[in-house]
Peer 1: 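What follows is a structure written as C-alpha cells; I'll ask about it next.
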Amino acid sequence: QVQLVESGGGLVQAGGSLRLSCTASGGTFSSYAMGWFRQAPGKEREFVAGITRSSGIRYNADSVKGRFTISRDNAKNTVYLQMNSLRPEDTAVYYCAADRSGWATPLPRSLESAYDYWGRGTQVTVSS
C-alpha cells in the first residue's frame, strides 16, 4: 500500500513563500504521476499542479499561474510544490496524490478521480 506524507505547510504572510514536500513509501514512486490538490474552507478540492514520471507538467493556470512550481526527485520518492508570491486566497489544506496509471499519459491528469492514493494534507495559511 502506498503512503503519502506531506510536509512544509504553515503560516506565512502575503507575498511570502513555502515549499511543500510529499514523500511516498510502499510503492513504485518513479512510475506514478503525482499531483497536488487543495481545499479551501467551504470549497471543493481543486487541482493545483501535476507531474508525470517523465516530468510532463500541468498547472491549474487560473489559480497558480507563474507562482507555483512542481518538481520531483525520484531518488528521494518525493514531489515538491514551491509556492511563491502567496496570496490569502491560497489558504487551504494541500494534498498530495499519486496516479498509478499516470505512466501512460504525456501530461498529468487533473481530475481527482484519476488519483489512487492520497496524503492527509498539510495546512497552508496566508495572512494579509
Side-chain angles (χ1 to χ4, degrees):
Q1 185 73 1
V2 175
Q3 291 187 326
L4 304 174
V5 179
E6 302 96 336
S7 61
L11 173 64
V12 64
Q13 288 188 332
S17 298
L18 284 173
R19 187 195 197 201
L20 305 184
S21 300
C22 170
T23 300
S25 61
T28 312
F29 175 83
S30 61
S31 70
Y32 302 149
M34 300 298 296
W36 285 99
F37 291 77
R38 69 185 182 185
Q39 187 167 22
K43 296 187 177 181
E44 294 187 350
R45 190 154 56 183
E46 67 171 353
F47 174 78
V48 175
I51 184 168
T52 65
R53 65 173 183 171
S54 56
S55 295
I57 290 174
R58 183 199 302 266
Y59 294 102
N60 181 339
D62 289 344
S63 61
V64 304
K65 186 186 306 182
R67 301 187 296 124
F68 290 9
T69 302
I70 189 170
S71 61
R72 67 189 295 161
D73 185 338
N74 288 337
K76 295 182 178 180
N77 286 357
T78 300
V79 61
Y80 304 97
L81 186 68
Q82 177 67 44
M83 305 187 296
N84 299 328
S85 302
L86 283 162
R87 305 166 180 169
E89 54 265 37
D90 294 317
T91 295
V93 178
Y94 283 72
Y95 298 91
C96 166
D99 175 4
R100 290 181 303 180
S101 300
W103 61 270
T105 59
L107 290 175
R109 297 186 282 186
S110 58
L111 293 176
E112 271 191 67
S113 58
Y115 290 79
D116 304 286
Y117 307 108
W118 292 82
R120 293 187 175 185
T122 185
Q123 177 70 47
V124 171
T125 303
V126 184
S127 63
S128 58

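Numbering starts at 1 and runs along the sequence shown. Bear in mind the structure is a predicted one, so any value in this text is a computation, not a measurement. Excluded from the calculations below are hydrogen atoms, water molecules and symmetry mates; all remaining heavy atoms, backbone and side chain alike, are included.
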Peer 1: If the condition is side-chain hydrogen bond (donor to acceptor under 3.5 Å, both in side chains), which residues does Arg45 pass it with, not counting sequence neighbours?
Peer 2: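 Result, side-chain hydrogen bond (donor to acceptor under 3.5 Å, both in side chains) vs Arg45: Glu112.
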
Peer 1: With sequence neighbours left out, what residues match Arg109 under side-chain hydrogen bond (donor to acceptor under 3.5 Å, both in side chains)?
Peer 2: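 For Arg109 the side-chain hydrogen bond (donor to acceptor under 3.5 Å, both in side chains) partners, ignoring immediate neighbours, are Asp99.
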
Peer 1: Treat each ILVMFWY residue as a node, draw an edge where side-chain heavy atoms are under 4.5 Å apart, and state whether Val124 and Phe37 are in one component.
Peer 2: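 Result: no, two separate clusters.
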
Peer 1: Could you list the donor-acceptor pairs under 3.5 angstrom formed by side chains in residues 14-29, with sequence neighbours left out?
Peer 2:
residue	atom	partner	partner atom	Å
Ser17	OG	Asn84	OD1	2.9
Thr23	OG1	Thr78	OG1	3.1

Peer 1: Any side-chain heavy atom of Leu111 within less than 4.5 Å of one from Phe47?
Peer 2: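 Not in contact.
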
Peer 1: Which residue pairs satisfy the ring-ring contact (aromatic ring centres under 6.0 Å, His included) criterion with at least one member in residues 69-93, sequence neighbours excluded?
Peer 2: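 Sorted pair list comes back empty.
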
Peer 1: Please round to the nearest 0.5 Å and tell me the distance separating atom OG1 of Thr52 and atom CZ of Arg72.
Peer 2: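 Output value for this atom pair is 7.0 Å.
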
Peer 1: Who are the side-chain contact (heavy atoms from CB on, under 4.5 Å) partners of Val2, not counting sequence neighbours?
Peer 2: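 Val2: side-chain contact (heavy atoms from CB on, under 4.5 Å) contacts with Leu4, Tyr32, Tyr117.
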
Peer 1: For Cys96 versus Val79, what's the shortest heavy-atom pair and its separation?
Peer 2: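 Between these two residues, the closest heavy atoms are SG-CG1, 3.9 Å.
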
Peer 1: Please list all pairs meeting disulfide (SG to SG under 2.5 Å) that have one or both residues in residues 48-87, counting only residues at least two apart or in different chains.
Peer 2: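 Not a single pair qualifies under disulfide (SG to SG under 2.5 Å).
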
Peer 1: With sequence neighbours left out, what residues match Asp73 under salt bridge (charged side-chain N to carboxylate O under 4.0 Å, His left out)?
Peer 2: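 Applying salt bridge (charged side-chain N to carboxylate O under 4.0 Å, His left out) to Asp73 gives none.
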
Peer 1: Does Arg53 have any side-chain hydrogen bond (donor to acceptor under 3.5 Å, both in side chains) partners at least two apart in sequence or in another chain, and if so, which?
Peer 2: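 For Arg53 there are no side-chain hydrogen bond (donor to acceptor under 3.5 Å, both in side chains) partners, ignoring immediate neighbours.
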
Peer 1: If we only count heavy atoms from C-beta on, is the Tyr115 to Pro108 side-chain gap below 4.5 Å?
Peer 2: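 Heavy-atom side-chain distance check passes, below 4.5 Å.
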
Peer 1: Taking side-chain contact (heavy atoms from CB on, under 4.5 Å) as the test, write out the residues that go with Leu107, two or more places apart.
Peer 2: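 Per chain and number, Leu107 pairs via side-chain contact (heavy atoms from CB on, under 4.5 Å) with Arg58.
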
Peer 1: Taking all non-hydrogen atoms of both residues, which atom of Tyr59 and which atom of Thr69 are closest, and how far apart?
Peer 2: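 Answer, listing the atom of Tyr59 first, then Thr69: OH-CA, 3.2 Å.
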
Peer 1: Considering the options Ile70, Ile51, Leu81, which one meets the side-chain contact (heavy atoms from CB on, under 4.5 Å) requirement together with Met34?
Peer 2: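 Checked Ile70, Ile51, Leu81 against Met34; only one passes side-chain contact (heavy atoms from CB on, under 4.5 Å): Ile51.
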
Peer 1: Is it the case that one hydrophobic cluster holds both Tyr95 and Leu86, taking links as side-chain heavy atoms less than 4.5 Å apart, direct or via other members?
Peer 2: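 Different clusters: Tyr95 never reaches Leu86 through Ile, Leu, Val, Met, Phe, Trp or Tyr contacts under 4.5 Å.
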
Peer 1: Suppose we screen for side-chain hydrogen bond (donor to acceptor under 3.5 Å, both in side chains). Which residues come up paired with Ser113, at least two apart in sequence or across chains?
Peer 2: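 Applying side-chain hydrogen bond (donor to acceptor under 3.5 Å, both in side chains) to Ser113 gives none.
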
Peer 1: Filter on salt bridge (charged side-chain N to carboxylate O under 4.0 Å, His left out), then keep only pairs touching residues 83-94, sequence neighbours left out; what's left?
Peer 2: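 Listed once each, the pairs are Arg38-Asp90, Arg67-Asp90.
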
Peer 1: Suppose the criterion is side chain to side chain donor-acceptor pair (under 3.5 Å): which pairs have a residue in residues 118-128, not counting sequence neighbours?
Peer 2: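 Qualifying pairs: Gln123-Thr125.
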
Peer 1: When clusters are formed by joining ILVMFWY residues with side-chain heavy atoms under 4.5 Å apart, either directly or through shared neighbours, do Val64 and Val12 land in the same one?
Peer 2: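 Yes; tracing contacts between hydrophobic side chains, which count when under 4.5 Å, links both residues.
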
